[in-house]
Amino acid sequence: MINITFPDGTIREYEEGVSGLDIARSLSNSLARMVLSINVNDELWDLTRPINQDAAIKLNKWEDEEGKHAFWHSSAHLMAEAIELLYPGTKFGIGPAIENGFYYDVDPGDDVVITDGDLPKIEKKMKELVSQKNSYQREEVSKEEALKFFDNKGDQYKTELISELEDGTISFYRQGSFTDLCRGPHLADTSPIKAIKLLSLAGAYWRGDETRKQLTRIYGVSFPKAKMLEEHLELLEQAKLRDHRKLGRELELFTFSQRVGPGLPLWLPKGAELRERLENFLKKVQRAHGYEPVITPHIGQKELWETSGHYAKYGKDSFQPINTPQEGEEFLLKPMNCPHHCEIYKFKPRSYRDLPVRLAEFGTVYRYEQSGELHGLTRVRGFTQDDAHIFCRPDQLKDEFMKVIDIILYIFKTLDFKDFVTQISLRDPEDSEKYIGTDENWEKAETAILEAVKAKGMESVVVEYGEAAFYGPKLDFIVRDALGRKWQLGTIQVDYNLPERFELEYIGADNQKHQPVMIHRAPFGSMERFVAVLIEHTAGKFPLWLTPDQAVILPISEKYHDYAEKVSEFLKNYDIRTLIDGRSEKIGKKIRDNELKRIPYLLIIGEKEQESNTVSVRRQGEGDKGVMNLEEFAAFLQNEVESQLESI
RNA sequence: GCCGAUGUAGCUCAGUUGGUCAGAGCAGCUGAUUUGUAAUCAGCAGGUCGGGGGUUCGAAUCCCUCCAUCGGCUCCA
């Protein structure tokens with residue numbers, strides 16, 4: 001007999017060789033039906049794998065990540081089986097469970113192309129296979145056997161994977177006619193997989209390497225209940241309604257023009273209004289934190305970026321130099337603002353007493369992103385960074401870094417961004433070629449970030465190696481869009497390299513020259529990306545202080561149209577933007593209902609209101625706020641905006 | 001850049017196997033209506049069917065090519 005310890009601490013005795021499924025059955029039949037995988041001493045196991053010693057276990061159901069993982073991983077194998085039957089000779093890459101479903105990378109051979117239209121066929125085959133209730137069987141194999149098996153099959157992808165594994169750690173899983181190299185765990189059999197949907201198809205380089213073959217990646221999702229699939233698909237549909245590209249057009253915030261060029265957004269009046277409100281908000285915050293605004297041109301001599309090191313690294317893949325009538329003269333559209341700001345720092349000798357110098361600019365930059373990378377407003381070729389560079393003494397670095405963290409957290413809080421991830425991006429220790437600067441400088445910069453983050457008590461921060469900028473490590477703030485894709489917004493980067501390259505200095509208390517440290521930072525990241533994510537987070541219902549049109553004026557008949565115009569003009573003086581409902585408006589547009597719903601205030605005017613120089617105020621979703629004269633309303637609204645900002 | 005898909009009026013979409021297939025709704029314009037809030041009525045106007053080539057007696061429909069967009073991959077200063 002062996003002792004099995006449950007998560008709640010209770011211990012029960014079982015026969016040696018008992019399986020997770022046996023244990024679940026011993027507790028209740030319904031549990032046995034719902035359980036999908038098991039943790040044995042914190043290792044993920046199959047339910048059917050025998051337990052031969054005392055162990056602490058946890059049974060994983062659908063609700064547990066580990067349960068879902070096994071479910072989707074098994075679904076991936078099932079899909080592979082279906083594909084192998086439909087496309088004999090297909091070779092398989094990897095097929096993992098992912099956050100929302102699973103995929104498998106397959107190589108059906110050079111003459112075979114799998115397209116969207118084939119997905120239903122594969123789906124159907126999978127469902128057939130499910131009904132066979134094949135079990136997933138684990139088998140430990142030697143490296144030699146494993147290599148031989150896939151060599152016979154001619155699957156070079158699997159043999160490549162196996163050759164990197166250590167003998168004695170290799171296992172196969174079989175279900176039906178399909179055998180895969182796999183660590184597991186898997187479901188006991190296919191029967192729980194009740195609902196399957198293959199979602200999309202994409203090319204994916206083998207092992208993520210651009211120089212290697214591109215396999216066909218098939219994405220799918222599966223569920224234990226048909227209803228759950230329906231709900232999942234419904235959720236995806238809902239998310240599409242919040243897509244910033246759709247709302248951006250509907251709300252008339254921004255557009256693109258093929259004639260202007262891909263990735264070059266055109267901000268429409270309302271979008272520009274929204275953006276301006278955001279910029280003003282940030283300017284106010286920055287003023288309070290000792291930042292000084294600067295303005296620099298959109299181009300600069302190529303030499304600037306040769307000095308910074310950017311040209312050597314990105315020159316070929318950038319917008320190419322601008323030539324002038326002067327032979328040999330070359331300018332670049334600026335892909336970043338740092339060199340310009342460095343030159344501003346150098347404008348005059350700096351004393352240690354002057355530091356930190358914080359130079360801020362909404363700087364528009366141009367980067368030639370790969371065509372396939374462009375994405376609405378989140379990835380564009382011309383965008384405006386809410387950029388600033390802080391030049392400080394080494395002893396001020398940690399404190400300055402922490403202050404920037406405060407600003408970013410404040411802004412995220414203000415805009416109600418709760419679901420963000422913070423990530424420390426360090427260099428890849430294996431690949432020093434990718435980075436400029438000395439090891440010593442990198443050490444210092446990385447240590448500074450780690451210390452600042454620690455001092456801030458940021459616990460959930462993730463450390464990623466190889467994600468650093470080529471000139472320095474950074475702390476990134478990452479937010480998800482409507483469809484769950486991650487986008488980096490705020491960023492803070494520590495840089496010892498540019499100060500060196502630009503020979504920045506200050507005179508210390510010892511009357512000697514010293515080199516300042518530079519912090520690059522952008523709380524929004526870029527106005528474009530930030531607005532995109534903001535649109536998706538708010539579904540186009542912006543907070544009052546940001547919303548482009550804060551009130552809609554409704555004259556109940558044409559007679560009051562002139563008065564409506566007057567009200568609108570009056571409120572403009574208070575920075576309150578209004579729309580006039582067009583039903584009674586001879587010239588003008590009728591406001592669509594869904595648009596009207598997004599405007600927070602409704603001002604109704606009729607005879608009574610016109611005579612008394614007032615408006616009847618309604619707040620969307622809250623009802624009547626009473627009759628107010630125009631000054632009162634302006635004050636009321638401004639008050640609301642203030643209190644909204646203060647309550648943050 | 002790579003893989004797959006898509007591209008018909010400002011927007012959302014119909015257009016079966018190539019032969020009145022250039023259509024509808026919304027938006028727009030012109031009249032009428034004057035309404036205290038999820039679509040007032042009538043009429044008009046809108047498109048080299050993404051661009052260019054080709055096949056055909058005939059192409060929105062088939063083929064080639066370029067462009068843009070979408071889903072991914074790679075990239076992301």
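Source: prediction; values computed, not measured. Quick note on labels: first sequence line is chain A, next is B, and so on, each numbered from 1. Below, all heavy atoms of this structure are taken into account, side chains as well, without hydrogens, waters or symmetry copies.
- At a threshold of 4.0 angstrom between heavy atoms, the contacts of A/Ala202 include nucleobase atoms, whether or not backbone atoms are also involved.
- When rounded to the nearest whole Å, the span between OH of A/Tyr560 and C1' of B/U34 equals 10 Å.
- Taking atom CG on A/Asp428 and atom P on B/C75, their separation rounds to 12 Å, with Å as the unit.
- Ring-to-base geometry does not place A/Phe470 in a stacked arrangement with B/A77 (centre distance under 5.5 Å, plane angle under 30° required).
- Rounded to whole angstrom, the span from the CH2 atom of A/Trp206 across to the P atom of B/G72 amounts to 22 Å.
- Listed candidates were B/G4, B/G72, B/A77. Nearest to the side chain of A/Gln214 is B/G72.
- Residue contacts for A/Leu199: at a heavy-atom cut-off of 4.0 Å it reaches no nucleic acid atom on any strand shown.
- Nearest-nucleotide mapping onto RNA chain B: of A/Asp243 and A/Leu215, the residue sitting toward the 5' end is A/Leu215.
- Proximity note for A/Leu201 (side chain, C-beta onward) versus B/G1, B/G71, B/G4: the nearest is B/G4.
- Considering only residues two or more places apart in sequence or on other chains, A/Asp439 meets the side chain to side chain contact (heavy atoms under 4.5 Å, CB included) condition with A/Arg427.
- Nucleotides B/G25 and B/U34 have their C1' atoms positioned 26 Å apart, rounded to a whole Å.
- Contacts of A/Arg259 with the nucleic acid, taken as non-hydrogen atoms under 4.0 Å apart, are absent.
- Atom P of nucleotide B/C3 and atom CD1 of A/Ile218 are separated by 17 Å, given to the nearest angstrom.
- A/Glu609 contributes a side-chain N or O that forms a donor-acceptor pair with the base of B/G36 under 3.5 Å.
- Using atom P as the reference point in both B/A59 and B/G51, the two lie 15 Å apart (nearest Å).
- By the 30° and 60° cut-offs, the orientation of the rings of A/Tyr368 relative to A/Phe319 is perpendicular.
- For B/C76, its base sits under 3.5 Å from the side chain of A/Arg379 at one donor and acceptor pair at least.
- The distance between atom CG of A/Asp118 and atom P of B/A5, rounded to the nearest whole Å, is 9 Å.
- Residue contacts shown for A/Ser616 include a base, since a base heavy atom lies under 4.0 Å away.
- For A/Lys625 and B/G36, the NZ to P distance is 23 Å, given to the nearest whole Å.
- Listed by chain and number, the residues in a salt bridge (Lys or Arg N to Asp or Glu O under 4.0 Å) with A/Lys91 amount to none (sequence neighbours excluded).
- Among the heavy atoms of the strands lying under 4.0 Å from A/Pro335 is at least one base atom, whether or not backbone atoms are also near.
- Between B/G10 and B/G50, the distance separating the two P atoms is 13 Å to the nearest Å.
- Residue A/Tyr219 is in sugar-phosphate contact alone, with no base atom involved, counting any heavy-atom pair closer than 4.0 Å across all strands shown.
- When distances are taken from the side chain of A/Arg618 to each of B/G36, B/C73, B/C11, the shortest belongs to B/G36.
- Residue contacts shown for A/Gly376 are limited to sugar-phosphate atoms, with no base heavy atom under 4.0 Å away.
- When heavy atoms are screened at a 4.0 angstrom cut-off, A/His375 is found touching the sugar-phosphate backbone but no base atom.
- With sequence neighbours excluded, the residues forming a side chain to side chain contact (heavy atoms under 4.5 Å, CB included) with A/Gln385 are A/Asn337, A/Val365, A/Arg367, A/Phe383, A/Asp387, listed by chain and number.
- If you check every strand for non-hydrogen atoms under 4.0 Å, A/Ser318 touches a base.
- The listed nucleotides are B/A77, B/C75, B/U69; the one nearest the side chain of A/Met336 is B/A77.
- As a whole-Å value, the separation of A/Leu251 CG from B/C11 P is 16 Å.
- Among the heavy atoms of the strands lying under 4.0 Å from A/Gly208 are primed sugar atoms or P, OP1, OP2 only; no base atom is included.
- Nucleotides B/C2 and B/A39 are separated by 47 Å at their C1' atoms, to the nearest Å.
- For B/G4, neither phosphate oxygen OP1 nor OP2 lies less than 4.0 angstrom from any side-chain nitrogen or oxygen of A/Arg217.
- Taking the six-membered ring where the residue is Trp, the centroids of A/His389 and A/Tyr345 are separated by 6.0 Å or more.
- Taking for each of A/Ser371 and A/Arg245 the nucleotide of RNA chain B with the nearest heavy atom, the 5'-most of the two is the partner of A/Ser371.
- As rounded to the nearest Å, B/U12 and B/G71 have P atoms that lie 15 Å from one another.
- Below 30°, between 30° and 60°, or above 60°: for A/Phe92 and A/Tyr104 the angle between ring planes is above 60°, a perpendicular geometry.
- For A/Asp317, the side chain to side chain contact (heavy atoms under 4.5 Å, CB included) test picks out no residue, with sequence neighbours left out.
- Electrostatic pairing of A/Glu273 and A/Lys270 does not count as a salt bridge here, judged by no charged N lying under 4.0 Å from a carboxylate O.
- In this structure, A/Arg367 does not reach the B/C75 phosphate: none of its side-chain N or O atoms is under 4.0 Å from OP1 or OP2.
- Residues that satisfy the side chain to side chain contact (heavy atoms under 4.5 Å, CB included) test with A/Ser200, not counting sequence neighbours, are A/Tyr219.
- Between A/Phe362 and A/Phe524, the gap from one ring centroid to the other reaches at least 6.0 Å.
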Reading RNA chain B 5' to 3', what string of ( ), [ ], | and . shows its pairs, if Watson-Crick and G-U wobble pairs count only when both distances fall under 3.5 Å?
(((((((..((((.....[...)))).(((((.......))))).....(((((..]....))))))))))))....

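- Backbone-only contact: A/Val113 has heavy atoms under 4.0 Å from sugar-phosphate atoms and none from a base.
- For the P atom pair drawn from B/C29 and B/A68, the interatomic distance equals 33 Å after rounding to whole Å.
- For A/Tyr314, taking side-chain heavy atoms from C-beta onward, the closest of the listed nucleotides B/U12, B/U69, B/A77 is B/A77.
- Between B/U48 and B/G1, the distance separating the two C1' atoms is 32 Å to the nearest Å.
- Taking the C1' atom of each, B/U8 and B/A60 are spaced 7 Å apart, rounded to whole Å.
- In this model, a donor atom of one side chain and an acceptor atom of the other lie less than 3.5 Å apart for A/Gln238 and A/Glu234.
- A/Ser200 comes within 4.0 angstrom of the backbone, heavy atoms only, and of no base.
- Side chain A/Tyr205 to base B/G1: a donor-acceptor pair is found below 3.5 Å.
- Minimum atom distance to the side chain of A/Gln258 is reached by B/C67, of the listed B/A77, B/U69, B/C67.
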